[in-house]
Structure formats: C-alpha cells, structure tokens
Amino acid sequence: MFLRDLWYFGALSSELKPGQHLHRELLGQAILFGRDHEGRAFAMKDVCPHRGILLSGGKMQCHDGESQVECPYHGWRFRTDGSCAAIPSLTADQTEAMDLTKIRTRTFPLHEDQGLVWIYYGSDENPEPTIAPPKLDLPEGEKPRMVIHDVFNCHVDHAVIGLMDPAHIPFIHRQWWWRSGKSVHDKAKQFGPVGRGFSMLPHVPSKNSYLYALLGEPQTEIRFEIPGLRTEYVKAGGKHFTGFTAVTPTNENSTAITIVVYWDHPLLHITPNFLIRKGIEIFVGQDREAVNAQQIGLAYDPDLMLIHDADVQAKWYFALKRAWTKHRETGEAFVNPVKPATLRWRS
Ligand code: FES
Ligand SMILES: [Fe+2]
C-alpha cells in the first residue's frame with residue numbers, strides 16, 4: 001500500500017523537546033516521536049501492548065537517569081528502546097518472576113540532520129535500514145528558516161503527482177505577483193536520473209517569474225526521490241534558496257505536506273518573512289484545494305490518464321515505485337527506470 005524500506009520525513013528537530021514526546025500518524029500507524037532527557041530522539045509504536053491505549057497520552061519520566069514513557073492507563077513504563085521497564089501492579093515477587101523486557105513496543109530507526117528527523121520504515125522482517133538517510137545539498141550547519149505545514153485529503157500518490165505536475169500551474173496558480181496569465185509558452189526542460197528519483201537538471205528559470213528575476217541570474221534544480229521528497233534548489237551568486245517538501249502519507253486518505261525552507265541569500269534576509277511565508281502558503285493552499293476537489297470526482301472511480309510530456313514525471317514516479325518494490329521483493333539490485341530526457345510542454 002505504501003512504500004517500505006525507505007526513510008520518511010518524521011518530524012522537525014525543533015518539534016521534539018527533551019523529555020517530551022508527540023503523537024503522529026504515519027503510513028496508517030500511530031507513532032510516538034520523543035526526545036530523551038539527554039537529547040536523543042527516538043520513535044516507537046504509539047500503542048500500549050497491554051490494552052492498546054496511545055502511550056503518548058502519558059508523560060515521559062526519568063527513572064535512575066533513564067528516560068521512560070509511562071502509559072496513561074495502568075502506568076506500565078517503556079524504555080526508549082521499546083522494552084518494558086516496569087509494571088506497577090505487580091508485587092515484588094511477581095516482578096522477580098517475570099522477564100519484563102520480553103514485553104515490547106516496536107521502535108523505529110531515526111536519523112536527525114539539517115533540522116529534520118527521519119524515520120526508517122522497514123518491513124517487519126527487516127526493520128534495520130539498508131540505505132543511507134536522505135541529505136539535502138546544503139552548506140554545513142544550515143538550519144530551517146521557515147516551516148509550513150498543510151494536509152491534503154488524498155492518497156499520497158495524488159499529492160505527489162499534483163505537486164510535480166507542470167500543466168496545472170497556469171490554471172491553479174495564477175497570481176499577479178508570480179506570473180501573468182498571458183505568459184504561457186512552450187517549455188523544454190532536461191531531466192536525468194538521480195538516486196531513487198530524477199532531477200530537472202540545473203537551468204536558468206523561465207523569465208515569466210518575477211520573483212526569480214529579483215534574485216539575479218539564478219540557477220534552479222528540482223530533485224524528486226521516493227517516497228515523496230522534492231527539493232528545489234535555487235542558486236545565485238554563491239548563495240542559495242532551498243525549498244524541501246516532504247509528502248508523507250498519514251493514512252490512505254490523508255497526506256501531510258511539510259515545506260522546510262533554507263536560505264543564505266542576502267535579499268531574503270531583508271525580505272519580511274511573512275511575505276515569503278504567505279506566498280508559499282497561497283501556493284500550497286491552491287494545490288490543496290485542487291486535490292481536495294479532485295476527491296469528489298475520484299469517488300466515482302474513473303479511469304485516469306497520464307499524457308506525454310506533461311505527465312511523464314508522474315509516470316516516472318509510478319515506475320520508481322514499481323522498481324523499488326521489485327528490488328525489495330526479489331533482492332535484485334535497484335535499477336532507476338528514469339532515462340535522461342528533454343520534456344516539452346506548455347505552461
Ligand atoms: S493499557 Fe497501557 S498500561 Fe494498561
Ligand atoms: Fe501546484
């Protein structure tokens with residue numbers, strides 16, 4: 001249903017405070033993200049193995065220097081490695097007679113870097129990562145300058161292909177400060193395979209975007225990798241503006257969109273932040289309204305089309321999903337199905 005054996009964006013580093021945890025639904029599962037009192041992030045299944053209440057309803061505690069999550073129902077406590085540390089209703093001799101560490105809640109490998117917390121979603125048989133966590137191409141030590149959250153009421157596939165689709169731009173994103181409605185023209189963009197995805201290779205963006213013109217001769221590259229990681233790099237005069245978008249399935253019918261923006265471009269330091277934020281929120285809000293409206297039609301289960309060349313990126317997305325699934329099922333090496341190509345469309 002969802003791709004497995006991949007790193008997913010889980011949370012922002014700034015969302016995890018030491019000694020606290022938060023609940024999140026990811027890939028249809030309840031996950032507790034926490035940070036122990038020493039500052040290490042962890043993730044576990046947010047369901048108590050005793051009677052199934054959410055563990056995140058309880059508090060994190062420190063016992064003998066060890067951080068433990070206490071279940072709100074009967075007070076069972078779990079270490080950050082998922083093992084049970086205490087069952088308060090047991091008498092001393094009952095505790096003695098029982099191996100509490102056999103009681104566990106599943107934990108997930110985590111990786112924290114560039115202000116992002118990544119969670120590895122392995123299969124039940126192979127929970128340990130076999131691939132390196134994603135890393136954005138940023139100068140050392142860059143921290144997020146802005147974060148925007150949104151929720152699309154659709155399956156992750158529609159969110160992903162909706163965000164990479166060039167043909168909707170003149171219809172859904174028509175605003176005077178971005179481009180005028182008259183500026184539709186022929187485009188030709190070069191693409192090539194990268195990692196588990198593809199790149200719209202570095203190019204000078206179209207002259208029809210006023211904002212790009214302000215930055216001064218920028219070069220843009222847009223990379224996409226499964227499961228749903230899109231990064232737009234704008235580089236101008238040795239400086240950068242980077243927008244990372246994580247498209248993360250919450251469940252079958254809901255997808256979390258997290259946009260994390262990094263920059264060191266001086267012009268953006270002096271631009272009031274709320275303007276940049278507002279601009280991004282308007283864009284994402286328009287995409288949300290489009291995919292949410294699309295759900296009404298999809299409820300009738302229509303056959304759908306993907307056409308050349310405007311929908312080729314969507315075709316690649318589905319081909320990448322198939323190639324990754326085949327690789328995981330057969331053990332054969334992963335072969336990126338994307339071939340270098342120039343795609344042409346009008347937008
Ligand atoms: S449900 Fe968690 S301790 Fe009973
Ligand atoms: Fe869009």
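Since the structure is predicted, the reported quantities are computational estimates derived from the model, not experimental observations.
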Worksheet item: Can K45 and T105 be counted as having a side-chain donor-acceptor contact under 3.5 angstrom?
Response: no
Worksheet item: Is a side-chain donor or acceptor of R174 paired with a backbone partner of I169 at a separation under 3.5 angstrom?
Response: no
Fill in: Residue pair H37 / S67, side-chain donor-acceptor N/O under 3.5 Å
yes
Worksheet entry | E329 with R322: basic N within carboxylate O range, under 4.0 Å | no
Worksheet item: When you check the gap from the basic side-chain N to the acidic O, do R288 and E281 get nearer than 4.0 Å?
Response: no
Worksheet item: Hey, which of Y121, Y120, W118 is the one that makes ring-ring contact (aromatic ring centres under 6.0 Å, His included) with W7?
Response: Y120
Fill in: Close aromatic pair by centroid cut-off 6.0 Å: H265 and H240
no
Fill in: Salt bridge D5-R328, side-chain N to carboxylate O under 4.0 Å
yes
Practice prompt. Please confirm whether K315 makes a cation-pi placement over Y317, using NZ or CZ under 6.0 Å from the six-membered ring centre and within 45° of the ring normal.
Written response: no
Discussion item. For the CD atom of Q114 and the NE2 atom of H111, what is their distance to the nearest 0.5 Å?
Written reply: 8.0 Å
Worksheet item: Would you call D113-K135 a salt bridge at under 4.0 Å N-O?
Response: yes
Discussion item. What I'd like to find out is whether the side chain of Q219 reaches to under 4.5 Å of the side chain of V234, using heavy atoms alone.
Written reply: no
Discussion item. Given E66, which partner from the list R79, R40, R77 fulfils the salt bridge (charged side-chain N to carboxylate O under 4.0 Å, His left out) test?
Written reply: R79
Discussion item. With a 3.5 Å distance limit and no angle check, can you tell me whether T107 reaches the backbone of M44 through a side-chain donor-acceptor pair?
Written reply: no
Worksheet item: Has the side chain of N292 got a donor or acceptor atom that lies under 3.5 Å from a matching backbone atom of N153?
Response: yes
Worksheet item: Does CZ belonging to R344 count more than 12 external heavy atoms closer than 6.0 Å?
Response: no
Worksheet item: Which of parallel (below 30°), tilted (30 to 60°) and perpendicular (above 60°) describes W263 and H269?
Response: tilted
Discussion item. I'd like to know if D137 and R223 make a salt bridge, using a cut-off of under 4.0 Å between side-chain N and carboxylate O.
Written reply: yes
Worksheet item: Hey, what's the ring geometry for H155 with F2, parallel, tilted or perpendicular (30° and 60° as the breaks)?
Response: parallel
Fill in: Whether F283 and H173 hold their rings parallel, tilted or perpendicular, with breakpoints at 30° and 60°
parallel
